[in-house]
Asker: 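I have a structure here, written as structure tokens, and I will follow up with some questions on it.
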Amino acid sequence: MINIKENEKLSIINHSCAHLLAQAVRHLYPTAKFWVGPVIEEGFYYDIDLGNITLTEDNLIQIEREMKKIAKDGKRIIREELTKTQALERFHDDPYKIDLISKMDEKEEIISCYTQGDFTDLCRGPHVETVKVLKYFKLLKVSGAYWKGDSKNKVLQRIYGICFENEEDLNKHLEDLEEAKQRDHRKIGKDLKIFMTHDLVGKGMPLWLPNGAMIRYNLEKYIKDKEIALGYQHVYTPSLGSVDLYKTSGHWDHYKEDMFPMMKLDDEEFVLRPMNCPHHMLVFKNDLHSYRDLPIRIGELAHDFRYEASGAVCGLERVRCMCQNDAHIFCSLNQVGDEFARVVQLILDVYQDFGFQDYSFRLSLRGKEKEKYFDDDEMWNKAESMLRKVLTDLDLEFYEAEDEAAFYGPKLDVQVKSAIGHDVTLSTCQLDFLLPERFDLTFINEKGEKERPVVIHRAILGTIDRFTAFLLEETKGVLPLWLAPIQIVIIPVSNEHHGEYGKKILNLLKNASIRCELDSRNEKVGYKMREAQTKKIPYSIVIGDQEKEQELVTYRKHGSEEKITVSVEQFLSLLQEEIQNKVR
Ligand code: TSB
Ligand code: ZN
């Protein structure tokens, strides 16, 4: 989707459209007060103080109508430059604009305002010459937004909109938005009964329904089998740990804000774990290790709990209870390059299996906010330059981002975009010199001396939760056969005549571990077929007289109109091959 902010012409008309919006709101709500109305990637918004009024979608339609009226009237937009004193005088009865003006320095910036007809707004500009050109716009939504983003402040009404130069572009954009809505995993997850949420359970804590649980079982098996084949050893460790464990690791000092609060039992203190690293450090420490044993790769499908802001949680994409596809690799310094290469290769293989193509690598570095990161400049410089070299040696195309590292070290993150435009990390591979130090980990090197290992933290699917969210959006819910919760639906033409044969096929497929259902409801075949399409079941098979007499099945693949009749054995081997090869 187009990024309005990156296009100069569109930025200007969107900004002018924000003023048009404000003018229309002023006409309809004369006491309205206006905060700021910036251009954003998705168009523009304006934050407006409407007292106790909460706007509805219907109100947006009325405002849009008023905007059209003003635009048609076609007033010119006139710029005026003011001194600070003049500006304070001009906006003296508007506390929001006074707040803005008082922070301005007239020596550094020109203070200007723009007037169109009966409406003047403080603004840097530039704007279009007349409101007449603002024809192709749409108000998209309204939500509450705290003044200056601070939850202690008043809630303002934030109205979002977008404006284009012509009707065609606007319509195309609205179609894209509609498609994104259809592709949103929260919609697919609800329609296909994959997960649900409930206020009684809490925000960011989805419940996986049977269909979702089957997808998840297959994903977990897929990645665990792959990892075991690659020399990972899987463990199970508890979802709780003592506060001391997290004090030792440094999480208590640098990650506490993201954790659920401590629980006190008798005289012990526990936390729900936000990460699994500390447990895995202790698993490593449980044995003596020689350089010959390294790298040691400890994996776990491990449950973690993070305090994500209530406004940030989103379906399965951002949750408060998650299951990481986690592993910690313990290796010597000179094995880091190879191990990183292996992890990157595994990521690429997995993305290939799922057909993911739109992703980018991000080198996530430390930021300036010191307290967020473990304070050891030498360690950070070493880790960051080492990781940068590893990535350069791998010939990987990547971009760098500050203030995105873990508190213990820099990361290589794989970034993807969700249907509604969130930029999120899926896979991650991180370099850590800190935790081995904090847990005093050692191995015996070639010289018989104790040496400190390096730890690589990595999650390939990220979390099963976020991965499933992304998978549902990428596939629009049409999962490949090997992952589909229900793979086949068997539809007898008549229950009376073909029901028994239907059951026979059902058992045969079930015995071959195919997940199938017999639809023996008293409904028309066409109706059942359509329902199988809506449920995105990969194959529906219809059986009537001919099929029954000659031991055949007639199948139809999801999304295809073609009906193909084959023997039962042929059908089964076709399915098995498709599952085996993870055909998409
Ligand atoms: C990889 N200690 C490391 C681990 O060893 C770690 O926890 N890294 S992490 O913080 O980056 O999290 C790993 C992955 O979990 C991320 O790459 C992301 O894909 C996923 N993730 C993080 N937060 C959430 C969340 N709130 N909801 C769903 N998935 C999340
Ligand atoms: Zn970790």
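Just so you know, ligand 1 is whichever comes first in the structure, and atom 1 is the first atom listed for that ligand. The residues of the chain are indexed from 1 along the displayed sequence. None of these values were measured; they are calculated from a predicted model.
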Asker: Hey, are T425 and Q415 close enough side-chain-wise for a donor-acceptor pair under 3.5 Å?
Answerer: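 A donor-acceptor contact under 3.5 Å links the two side chains.
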Asker: Mind checking whether Q324 contacts ligand 1 via backbone (N, CA, C, O), side chain (CB onward), both or neither, at a 4.0 Å heavy-atom cut-off?
Answerer: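 For Q324, the contact with ligand 1 is made by the side chain alone.
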Asker: Before you tell me yes or no, could you show the steps for T237 and E300 under side-chain hydrogen bond (donor to acceptor under 3.5 Å, both in side chains), namely the whole-Å CA-CA distance, both residues' side-chain angles and the distance that decides it to 0.1 Å?
Answerer: CA-CA 8 Å; T237 60; E300 183 173 359; 2.7 Å; yes
Asker: Return the residue, atom name and 0.1 Å-rounded distance of the protein heavy atom closest to atom 12 (O) of ligand 1.
Answerer: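 Sorting protein heavy atoms by distance from atom 12 (O) of ligand 1 puts R306 NH2, 3.6 Å first.
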Asker: Is Y255 in contact with ligand 1, taking contact as a heavy-atom separation below 4.0 Å?
Answerer: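 Outside the 4.0 Å threshold, so no.
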Asker: Less than 4.0 angstrom from a charged side-chain N to a carboxylate O is my criterion; do K372 and D403 meet it?
Answerer: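 Counted as a salt bridge, because a side-chain N and a carboxylate O are separated by less than 4.0 Å.
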Asker: Which of the numbered atoms in ligand 1 are below 4.0 angstrom from a heavy atom of M322?
Answerer: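 Result: 23 (N), 24 (C), 25 (C), 26 (N), 30 (C).
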Asker: When you measure from atom 1 (C) of ligand 1 to every protein heavy atom, which one gives the shortest distance, and what is it?
Answerer: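 Of every protein heavy atom, D326 OD1, 3.4 Å lies nearest to atom 1 (C) of ligand 1.
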Asker: Taking the ring of H457 and the ring of Y408, is the distance between their centroids below 6.0 Å?
Answerer: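 Aromatic pair counts; centres sit under 6.0 Å.
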Asker: Can Y246 and R273 be counted as having a side-chain donor-acceptor contact under 3.5 angstrom?
Answerer: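 Absent: no donor and acceptor within the cut-off.
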Asker: Counting only nitrogen or oxygen atoms and a 3.5 angstrom limit, does P274 reach ligand 1?
Answerer: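 Such a contact does not occur with ligand 1.
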Asker: Who's closest to atom 18 (C) of ligand 1 heavy-atom-wise, of T428, N325, T425?
Answerer: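 The residue whose heavy atom sits nearest atom 18 (C) of ligand 1 is T425.
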Asker: Starting from atom 20 (C) of ligand 1, find the nearest protein heavy-atom neighbour and note its residue, name and distance.
Answerer: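 Result: T463 CG2, 3.6 Å.
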Asker: For atom 3 (C) of ligand 1, what is the closest protein heavy atom, and at what distance to 0.1 Å?
Answerer: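 Of every protein heavy atom, Y408 OH, 3.3 Å lies nearest to atom 3 (C) of ligand 1.
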Asker: Show me which atoms of ligand 1 lie under 4.0 Å from any heavy atom of C277.
Answerer: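 Selected atoms, number and element: 2 (N).
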Asker: I'd like to check whether R318 has a polar contact with ligand 1, where a contact means an N/O of the residue lying under 3.5 Å from an N/O of the ligand.
Answerer: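 No, R318 has no N/O under 3.5 Å of an N/O on ligand 1.
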Asker: Could you walk me through whether Y351 and F356 pass the ring-ring contact (aromatic ring centres under 6.0 Å, His included) check?
Answerer: CA-CA 5 Å; Y351 284 30; F356 297 166; 5.5 Å; yes
Asker: Is the shortest side-chain heavy-atom distance between L219 and I223 below 4.5 Å?
Answerer: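 They are not in side-chain contact.
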Asker: What's the shortest distance from atom 27 (N) of ligand 1 to any protein heavy atom, and which residue and atom give it?
Answerer: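 Scanning the protein heavy atoms, the shortest distance from atom 27 (N) of ligand 1 goes to V319 N, 3.0 Å.
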Asker: Step through it carefully: locate the ring centre of F374, locate the ring centre of F407, and say whether they are under 6.0 Å apart.
Answerer: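 Between F407 and F374, which both carry aromatic rings, the centre distance is not below 6.0 Å.
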Asker: Could you check D150 against K148 for salt bridge (charged side-chain N to carboxylate O under 4.0 Å, His left out), going step by step and ending with a plain yes or no?
Answerer: CA-CA 5 Å; D150 186 337; K148 296 186 177 176; over 6 Å; no
Asker: My understanding is that only one of R458, R297, R342 makes a salt bridge (charged side-chain N to carboxylate O under 4.0 Å, His left out) with E227; could you say which?
Answerer: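 It is R458; the other options fail the test.
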Asker: Can you check which of E300, R320, E308 brings a heavy atom nearest to atom 26 (N) of ligand 1?
Answerer: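 Heavy atom nearest to atom 26 (N) of ligand 1 belongs to E308.
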Asker: Under 4.0 Å from a heavy atom of G462: give me the atoms of ligand 1 that qualify, with their elements.
Answerer: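 Every atom of ligand 1 under 4.0 Å from some heavy atom of G462: 19 (O).
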Asker: Atom 17 (O) of ligand 1: which protein heavy atom is closest, and how many Å away?
Answerer: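 Protein heavy atom with the smallest distance to atom 17 (O) of ligand 1: L426 O, 3.2 Å.
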Asker: Test ring-ring contact (aromatic ring centres under 6.0 Å, His included) on Y359 and F470 and set out the steps.
Answerer: CA-CA 11 Å; Y359 56 89; F470 187 62; 8.9 Å; no
Asker: More than 12 heavy atoms of other residues, nucleotides or ligands under 6.0 Å from CD of Q352: is that the case?
Answerer: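 For Q352, atom CD is not crowded (no more than 12 foreign heavy atoms under 6.0 Å).
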Asker: For the Zn ion (ligand 2), report each protein N, O or S atom nearer than 2.8 Å, sorted by chain and then by residue number.
Answerer: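 Per the 2.8 Å query on the Zn ion (ligand 2), atoms found are C277 SG, H328 NE2, H457 ND1.
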Asker: Take every heavy atom of Q430, measure it against each atom of ligand 1, and state whether any distance is under 4.0 Å.
Answerer: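 Under 4.0 Å: yes for Q430.
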Asker: Quick check with a 6.0 Å cut-off and a 45 degree axis cone: is K382 positioned over the face of F433's six-membered ring?
Answerer: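 Flagged: K382 positioned over aromatic ring of F433.
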Asker: In terms of heavy-atom contacts, does OH of Y399 have more than 12 from other residues, nucleotides or ligands at under 6.0 Å?
Answerer: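 Enclosed.
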Asker: Take every heavy atom of D465, measure it against each atom of ligand 1, and state whether any distance is under 4.0 Å.
Answerer: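 D465: no contact with ligand 1 (<4.0 Å).
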